[in-house]
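Structure in structure tokens, see below.
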Amino acid sequence: MASTVPMDPEKTAPFQLGEGHQACLMLHGFTGSPWDLRPLGEVLARNGYFVSAIQLPGHGTTPEAMASVSYADWKAAAERALLQIDGFRQVFIVGLSMGALLALIAAAAHPDRVAGLALIAPAMRLRGLGPKLARWGAPLGLLRWWPYVSKPSTDIQDPIQRQAAPLLPAFPSARLVDLWMLQDEAAQVADHDHVVSLKGGVCLARALTHSRRVHWVRIQQGFHIIPRDFGRQALADQVLSFFRGTGAEHAPQVPPGN
């Protein structure tokens, strides 16, 4: 059975910061929380952005809380949060991991409301044999024999940040199916207009052919939760630069072919 010990509610709670004529919605990743994104949110707030980071349904409390939600709830929450941000000159979305998929889907549904996206370590492909076997076995009903997946740590290289991280110790394996649904939908969205594999991010960047400006950056420091890791300052610099340049015409800067 999964643990029922709650995560620190002060760390995992949604937050709003800053004020200005521009706004940024922040969407965390699968089993994560707004805590993962707060350092980047604080930088954006100091630079004149109103920042709103939501907590996705079923996240931030216990593994059991995730058992009663689905990808449809996550999509609806992201879209609702986007529509609630009104009266700003420009609105951006920052999405981490699964949050990047939600950001892309929400922006595709409301392109007139979104000036730009920062898709951080987008979860288009997962590393490791386990996720691949799970996806293969799910249609055969094998996940019922593996109801919860343990999560012993979070993917942060910085030991201080890793020690401070609120950790959901497990999650329902059924929610992997929802993550795969989001991967498929995000891929379709990108095609018609990225813990994760680098190739997934590369493929997503190349697929965004209808975007006026695509800038692909590889952060060399840190692991998956980049806004909390050693590369957080480099990430913040890149996001600010990209947001400030949105509106001008730029040639796409995507990774070269293999």
#### Entry: Closest approach of Arg162 to Ser153 (non-hydrogen atoms, all atoms of both residues)
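Closest heavy-atom pair between Arg162 and Ser153: CD-OG, 3.7 Å.
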### Message
Ring centroids only, cut at 6.0 angstrom: are Trp74 and His59 within range, meaning strictly under it?
### Response
yes
### Task
Could you point out which residue of Phe171, Trp180, Tyr71 forms a ring-ring contact (aromatic ring centres under 6.0 Å, His included) with Phe30?
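Single ring-ring contact (aromatic ring centres under 6.0 Å, His included) partner of Phe30 among Phe171, Trp180, Tyr71: Phe171.
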### Message
Rounded at 0.5 Å granularity, tell me how far CG in Leu176 sits from CE in Met181.
### Response
13.5 Å
### Task
Output the distance between atom CG (Asn47) and atom CD (Glu42), rounded to the nearest 0.5 Å.
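Rounded to the nearest 0.5 Å, the CG-CD separation comes out at 12.0 Å.
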#### Entry: Euclidean distance, His110 NE2 relative to Ile105 CD1, rounded to 0.5 Å
12.0 Å
### Query
Does the side chain of Lys11 come under 3.5 Å of the side chain of Ser33 through a donor N or O and an acceptor N or O?
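Result is no, nothing qualifies.
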### Query
Taking the side chain as C-beta and beyond, is there a heavy-atom pair between Thr12 and Met7 under 4.5 Å?
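Result yes, sub-4.5 Å side-chain heavy-atom pair found.
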### Task
State, with a plain yes or no, whether a side-chain heavy atom of Phe242 is found less than 4.5 Å away from one of Arg244.
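Answer no - side chains too far apart.
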### Query
Distance-only, no hydrogens or angles: does the Ser97 side chain make a donor-acceptor pair with backbone N or O of Gly29 under 3.5 Å?
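No, because the side chain of Ser97 does not come within donor-acceptor range (under 3.5 Å) of the backbone of Gly29.
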### Message
Is the shortest side-chain heavy-atom distance between Ser52 and Met26 below 4.5 Å?
### Response
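They are not in side-chain contact.
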### Query
Taking all non-hydrogen atoms of both residues, which atom of Leu101 and which atom of Ala123 are closest, and how far apart?
CD1-O, 3.6 Å
### Query
Below 4.5 Å, heavy atoms only, C-beta onward: do Pro227 and Leu235 meet side chain to side chain?
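Result yes, sub-4.5 Å side-chain heavy-atom pair found.
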#### Entry: Nearest-0.5 Å distance that lies between atom CD1 in Ile120 and atom CD1 in Ile225
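Rounded to the nearest 0.5 Å, the CD1-CD1 separation comes to 10.0 Å.
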### Query
Does any N or O in the side chain of Ser241 come within less than 3.5 Å of the main-chain N or O of Asp237, such that one atom is a donor and the other an acceptor?
no
### Summary
Scanning both residues in full, the closest heavy-atom pair of Leu27 with Ala103 reads CD1-N, 3.7 Å
### Query
If you round to the nearest 0.5 Å, how far is CD of Glu19 from CZ of Phe50?
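Going from CZ on Phe50 over to CD on Glu19, the span is 10.0 Å.
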### Message
For residues Met98 and Phe223: do they belong to one hydrophobic cluster (side chain heavy atoms under 4.5 Å, members Ile, Leu, Val, Met, Phe, Trp, Tyr)?
### Response
no
### Query
Would Arg89 and Gln22 satisfy side-chain hydrogen bond (donor to acceptor under 3.5 Å, both in side chains), going step by step from the backbone distance to the final call?
CA-CA 5 Å; Arg89 185 181 302 159; Gln22 297 171 300; over 6 Å; no
### Message
Looking at every heavy atom in both Asp73 and Pro57, which two are closest together, and how far apart are they?
### Response
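What the structure gives for the nearest pair is O-CG, 3.7 Å.
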### Task
Please step through side-chain contact (heavy atoms from CB on, under 4.5 Å) for the pair Val94 and Leu40, ending with a clear verdict.
CA-CA 9 Å; Val94 169; Leu40 178 56; 3.9 Å; yes
### Message
Starting from Ile219, can I reach Leu44 by hopping between I/L/V/M/F/W/Y residues whose side chains sit under 4.5 Å apart?
### Response
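Per the 4.5 Å side-chain linkage, Leu44 and Ile219 are co-clustered.
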#### Entry: CZ-CD distance between Phe243 and Gln238, expressed to the nearest 0.5 angstrom
12.0 Å
### Query
Checking Thr154 side chain against Ile156 main chain: does a donor-acceptor pair fall under 3.5 Å?
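Absent.
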### Query
Where the side chain of Arg228 meets the backbone of Trp35, is there a donor-acceptor pair that is under 3.5 Å apart?
yes
### Query
Is there side-chain contact between Pro34 and Ile54, with at least one heavy-atom pair below 4.5 Å?
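Pro34 does not reach Ile54 side chain to side chain.
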### Task
Report yes if some heavy atom in the side chain of Leu17 is under 4.5 Å from a heavy atom in the side chain of Tyr49; otherwise report no.
no
### Taking every non-hydrogen atom, the tightest pair across Ala23 and Ile85
CB-CG2, 3.6 Å
### Task
I would like to know whether Gln90 and Phe88 meet side-chain contact (heavy atoms from CB on, under 4.5 Å); could you show each step before the answer?
CA-CA 5 Å; Gln90 288 181 308; Phe88 292 90; over 6 Å; no
### Task
Can you see which heavy atom on Pro172 is nearest to which on Met66, and at what distance?
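Scanning both residues completely, I find the closest heavy atoms to be CD-CB, 3.6 Å.
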### Query
Does some side-chain heavy atom of Val43 sit less than 4.5 Å from a side-chain heavy atom of Val239?
no
### Lys/Arg N to Asp/Glu carboxylate O, Lys75 vs Glu79, below 4.0 Å
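Not counted as a salt bridge, because no side-chain N and carboxylate O are separated by less than 4.0 Å.
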### Message
Does His21, at its NE2 atom, have more than 12 non-hydrogen atoms belonging to other residues, nucleotides or ligands within less than 6.0 Å?
### Response
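No, because the 6.0 Å sphere around NE2 of His21 holds 12 heavy atoms or fewer from other groups.
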### Query
Quick one: do Phe230 and Leu37 end up in the same hydrophobic cluster if we chain Ile, Leu, Val, Met, Phe, Trp and Tyr together by side-chain heavy atoms under 4.5 Å apart?
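No, Phe230 and Leu37 fall in different hydrophobic clusters.
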### Validation row: Ser173, Tyr148 side chains within 4.5 angstrom (heavy atoms)
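With C-beta onward as the side chain, the pair stays apart.
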### Query
Do side-chain atoms of Asp155 reach the backbone of His224 as a donor and acceptor pair under 3.5 angstrom?
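Yes; at least one donor-acceptor contact below 3.5 Å.
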### Query
Any sub-3.5 Å donor-acceptor pair from Asp229's side-chain atoms to Gly231's backbone N or O?
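Checking the backbone N and O of Gly231 against the side chain of Asp229, no donor-acceptor pair under 3.5 Å is found.
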### Query
For Asp158 and Arg232, what are the C-alpha separation, side-chain angles and deciding distance, and is it a salt bridge (charged side-chain N to carboxylate O under 4.0 Å, His left out)?
CA-CA 10 Å; Asp158 185 333; Arg232 55 187 174 269; 3.4 Å; yes
